[in-house]
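Keep in mind that what you see is a predicted model, and the values were worked out from it rather than measured. Values below: every heavy atom of this structure, side chains too, minus hydrogens, waters and symmetry copies. By convention in this document, chain letters (A, B, ...) are assigned in the order of the sequence lines, proteins followed by strands, and residues within each chain are numbered from 1.
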There are 2 protein chains.
Amino acid sequence: MQLTPEMRLTTQRQIILEELGKVTSHPTANEVYDMVRKRLPRIGLGTVYRNLELMSETGIILKLEVGGTQKRFDATIDPHYHIRCLSCGKVDDIEIPVMEDINKTAADISKYQVLGHHIEFSGICSECNDNAQAVN
Amino acid sequence: MQLTPEMRLTTQRQIILEELGKVTSHPTANEVYDMVRKRLPRIGLGTVYRNLELMSETGIILKLEVGGTQKRFDATIDPHYHIRCLSCGKVDDIEIPVMEDINKTAADISKYQVLGHHIEFSGICSECNDNAQAVN
DNA sequence: AAGATGAGTGGTAATTATTACTGATACACT
DNA sequence: AGTGTATCAGTAATAATTACCACTCATCTT
């Protein structure tokens, strides 16, 4: 979004960015759409997708390709890891120190040009755990 | 597939399993379908999906929820990490020692019941790198 | 200020991956 | 052989995402 000077900071982009910045929940495109629609009721879902994609390409937000069926987006771009609830699907940050060195390790043993890595933990979040208890 | 005794080892399941075992390429459901179809031309895509899902639930194969748009499947079930080519999308194993201990670390600092983790490296595979060179 | 240019938008259609449904098979057990 | 049920092939339906297109609106040019 800052890469090409022709790229405009439209109202839609500004609000998408603001709303994404308000939450720490790694919303899906549809969830961002719902959030943004409260302020811009006529915005199109395609606009949200297009701009989330664009912003992630230019690096001002993060696109999370975690498990589950939907992509998720994150306004926090400094490297960090995630944990996903296998029951409800939500994704939280997890404060494990980032291992910068394993990229080099990976580069040494593979034929790939290694560009990055991501760790995704999986488990059951406390809410889902509580719900499961309640049923028993 | 060995969990419930009612579950039959049909020809379809046997061949899906055999074909998946032959490759190390983490094929998508569609790729498995193509492989299997050479031996069982009349098999349905739904059957492939159904059985891959089933086998991953019972733990005899692994379902990889890596980046990209498709799920991938792996006959190697012992824990290991993966690297994905950002250019062509293929997924390879990467021989980095599995860190059993970080699950505990994660459990300590999060409210989740941590069940596992997966590391996905991303980069450019040697083939794509070569192709890029050729263009320049 | 008016017109041209082109990025961006909203609405909708199309695509892709996956799942669900359905009637037909085929095995297992009597 | 007859019945019950798992599984199948084929197809329809769903979900997420992307593509398309006519129109809007900044920005630039005269």
Side-chain angles (χ1 to χ4, degrees), chain A residues 1-17 19-20 26-58 60-61 63-73 84 88-91, chain B residues 1-17 19-20 26-58 60-61 63-73 84 88-91:
Chain A
M1 223 142 138
Q2 53 252 117
L3 291 192
T4 87
E6 303 83 29
M7 214 176 266
R8 299 179 194 148
L9 182 55
T10 61
T11 313
Q12 287 85 344
R13 287 178 181 164
Q14 206 169 308
I15 293 186
I16 288 172
L17 210 44
E19 291 299 315
L20 187 61
H26 314 86
T28 62
N30 218 345
E31 287 166 352
V32 174
Y33 177 53
D34 285 341
M35 287 153 52
V36 169
R37 218 161 18 151
K38 289 177 187 153
R39 293 173 60 188
L40 273 183
R42 295 189 51 82
I43 197 172
L45 178 57
T47 303
V48 174
Y49 268 102
R50 185 166 4 94
N51 286 318
L52 286 173
E53 182 62 33
L54 210 56
M55 293 176 193
S56 76
E57 276 171 17
T58 62
I60 62 176
I61 67 170
K63 176 166 65 167
L64 300 186
E65 307 212 349
V66 294
T69 54
Q70 290 153 289
K71 308 251 165 80
R72 293 173 171 273
F73 297 88
R84 181 168 58 99
C88 68
K90 82 168 176 179
V91 175
Chain B
M1 229 139 127
Q2 53 253 115
L3 290 193
T4 86
E6 302 83 28
M7 215 175 265
R8 297 179 196 149
L9 181 54
T10 60
T11 312
Q12 286 86 342
R13 287 179 181 161
Q14 207 169 310
I15 293 185
I16 288 171
L17 210 45
E19 291 299 316
L20 187 60
H26 314 86
T28 63
N30 218 345
E31 287 166 352
V32 174
Y33 177 53
D34 285 342
M35 288 153 51
V36 169
R37 222 168 6 159
K38 288 176 187 153
R39 295 173 59 188
L40 274 182
R42 296 189 51 84
I43 196 171
L45 178 56
T47 303
V48 174
Y49 268 102
R50 186 166 6 93
N51 286 317
L52 286 173
E53 182 63 34
L54 210 58
M55 292 177 194
S56 76
E57 277 170 19
T58 63
I60 62 175
I61 68 171
K63 176 165 65 170
L64 301 186
E65 307 213 349
V66 294
T69 54
Q70 291 153 287
K71 307 254 165 81
R72 292 173 172 275
F73 297 88
R84 181 168 58 99
C88 68
K90 81 168 176 179
V91 175

Can you check the [X] [atom1] to [N] [atom2] distance for me, whole Å?
X: B:Asn30; N: C:dA17; atom1: CG; atom2: P; value: 7 Å
X: B:Tyr33; N: C:dA17; atom1: OH; atom2: P; value: 14 Å
X: B:Arg37; N: D:dG10; atom1: CZ; atom2: P; value: 10 Å
X: A:Leu45; N: C:dA14; atom1: CG; atom2: P; value: 17 Å
X: A:Tyr49; N: D:dC20; atom1: OH; atom2: C1'; value: 17 Å
X: A:Lys71; N: C:dT16; atom1: NZ; atom2: P; value: 14 Å
X: B:Asn51; N: C:dT19; atom1: CG; atom2: P; value: 13 Å
X: B:Ile43; N: D:dT7; atom1: CD1; atom2: C1'; value: 11 Å

Quick one: list whatever passes salt bridge (Lys or Arg N to Asp or Glu O under 4.0 Å) with A:Arg39, sequence neighbours left out. A:Glu18, A:Glu19
Find the distance between CG (B:Leu54) and CD1 (B:Ile61) and round it off to the nearest 0.5 Å. 9.5 Å
Once each nucleotide of nucleotides 21-30 of chain C is scored for protein heavy atoms under 4.0 Å, what B/S/- sequence comes out, 5' to 3'? ------B---
Within the pair A:Thr10 and C:dT9, is there a side-chain N or O less than 4.0 Å away from OP1 or OP2? yes
Under-4.0 Å side-chain N/O to phosphate OP1/OP2 contact, B:Thr47 with D:dA9: yes
Would you mind telling me which of [options] lies closest to the side-chain atoms of [X]?
X: A:Gln12; options: C:dT9, C:dT18, C:dG8; value: C:dT9
X: B:Gln70; options: D:dA9, D:dT17, C:dA17; value: C:dA17
X: B:Arg42; options: C:dT18, D:dA9, C:dG10; value: D:dA9

State, to 0.1 Å, how close [X] and [Y] come at their nearest heavy-atom pair, and which atoms those are.
X: B:Gly68; Y: A:Lys71; answer: O-CE, 4.2 Å
X: A:Leu20; Y: A:Met35; answer: N-CE, 4.1 Å
X: A:Tyr33; Y: A:Val48; answer: CD1-CG2, 3.8 Å

Any base atoms under 4.0 Å from A:Glu53, or only sugar-phosphate, or nothing? Heavy atoms, all strands. nothing
Categorize B:Thr69 for me: base, sugar-phosphate, or nothing, with a 4.0 angstrom heavy-atom threshold over every strand shown. sugar-phosphate
B:Ile15 pairs by side-chain contact (heavy atoms from CB on, under 4.5 Å) with which of B:Val32, B:Thr10, B:Val36, B:Ile43? B:Val36
Under 3.5 Å, side chain of A:Arg72 to main-chain N/O of A:His26, donor-acceptor pair present? yes
